[in-house]
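To start, the structure under review is shown below, and the notes come after it.
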Amino acid sequence: MKPEQVQAQLTRVLSEAIGELRDPRVPLIVTVERIHVTPDYGLARVYVSAMTGDMEELLEALNHARGHLQRQVSAHVRMRRTPTLEFRSAEDQRL
């Protein structure tokens, strides 16, 4: 699979999975802005944004739920190995 296809599938699966999280630190609407996958598919940097709430708390909650989110990815995206998810604020994209 091409990196663009992987990124599109990861965006779809993670947007849905994050929307289903029942953590008070996660606002109702969280947008997965962009995903960057390393060439070996070992790491996926997930850039998220939210209109409301504290970004620090959101990133903390997403990192706390990382295992669950990675299981969702492995269940819905056909890959040889599931990339490790790393969550960042969309404002950090340009770094």
Side-chain angles (χ1 to χ4, degrees):
M1 232 186 316
K2 293 182 182 144
E4 299 80 37
Q5 292 172 310
V6 170
Q7 291 166 359
Q9 286 190 10
L10 288 175
T11 300
R12 182 181 49 78
V13 170
L14 286 171
S15 294
E16 198 172 301
I18 290 169
E20 293 169 356
L21 290 177
R22 296 288 156 251
D23 187 315
R25 297 172 294 182
V26 179
L28 284 174
I29 299 171
V30 175
T31 306
V32 175
E33 297 279 347
R34 193 169 76 88
I35 295 181
H36 175 77
V37 182
T38 56
D40 67 351
Y41 298 112
L43 176 70
R45 282 198 185 93
V46 183
Y47 295 93
V48 296
S49 68
M51 295 301 256
T52 60
D54 181 353
M55 185 51 73
E56 288 291 316
E57 283 190 346
L58 170 59
L59 294 175
E60 200 177 284
L62 293 176
N63 282 314
H64 181 76
R66 178 185 288 146
H68 168 72
L69 295 171
Q70 282 189 205
R71 281 190 297 279
Q72 293 294 310
V73 167
S74 104
H76 294 91
V77 182
R78 289 271 153 254
M79 295 177 74
R80 201 170 286 140
R81 102 182 208 222
T82 306
T84 301
L85 301 176
E86 185 180 277
F87 295 98
R88 297 189 175 190
S89 165
E91 283 122 44
D92 297 343
Q93 274 189 61
R94 55 195 170 276
L95 300 178

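Along the sequence shown, residues carry numbers from 1.
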Between [X] and [Y], what is the shortest heavy-atom contact and its length?
{"X": "Met55", "Y": "Ser49", "answer": "CE-CA, 3.8 Å"}
{"X": "Val77", "Y": "Gln9", "answer": "CG1-OE1, 3.2 Å"}
{"X": "Arg25", "Y": "Glu60", "answer": "NH1-OE2, 3.0 Å"}
{"X": "Gly42", "Y": "Arg81", "answer": "CA-NH2, 3.2 Å"}

When rounded to the nearest 0.5 angstrom, what distance separates [atom1] in [X] from [atom2] in [Y]?
{"X": "Met79", "Y": "Ser74", "atom1": "CE", "atom2": "OG", "answer": "10.5 Å"}
{"X": "Leu59", "Y": "Phe87", "atom1": "CG", "atom2": "CZ", "answer": "9.0 Å"}
{"X": "Thr11", "Y": "Ile35", "atom1": "OG1", "atom2": "CD1", "answer": "3.5 Å"}
{"X": "Tyr47", "Y": "Glu33", "atom1": "OH", "atom2": "CD", "answer": "12.0 Å"}
{"X": "Leu10", "Y": "Arg45", "atom1": "CG", "atom2": "CZ", "answer": "14.0 Å"}
{"X": "Tyr41", "Y": "Gln7", "atom1": "OH", "atom2": "CD", "answer": "8.0 Å"}

Heavy atoms, side chains only, cut-off 4.5 Å: are [X] and [Y] in contact?
{"X": "Leu58", "Y": "Pro27", "value": "yes"}
{"X": "Thr31", "Y": "Val48", "value": "no"}
{"X": "Leu21", "Y": "His68", "value": "yes"}
{"X": "His76", "Y": "Glu16", "value": "no"}

Taking atom types as modelled and ignoring hydrogens, do the side chains of Thr82 and Gln70 form a donor-acceptor contact shorter than 3.5 angstrom?
->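 Not at all, the side chains of Thr82 and Gln70 share no donor-acceptor pair under 3.5 Å.
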Apply side chain to side chain contact (heavy atoms under 4.5 Å, CB included) to Leu62 and Val46, showing your working.
-> CA-CA 10 Å; Leu62 293 176; Val46 183; over 6 Å; no
Kindly check if the number of other-residue, nucleotide or ligand heavy atoms within 6.0 Å of CD (Gln5) is above 12?
->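 Check passes, neighbour count above 12.
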May I ask you to check whether over 12 heavy atoms, not counting those of Ile29, lie within 6.0 Å of atom CD1?
->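 No, because the 6.0 Å sphere around CD1 of Ile29 holds 12 heavy atoms or fewer from other groups.
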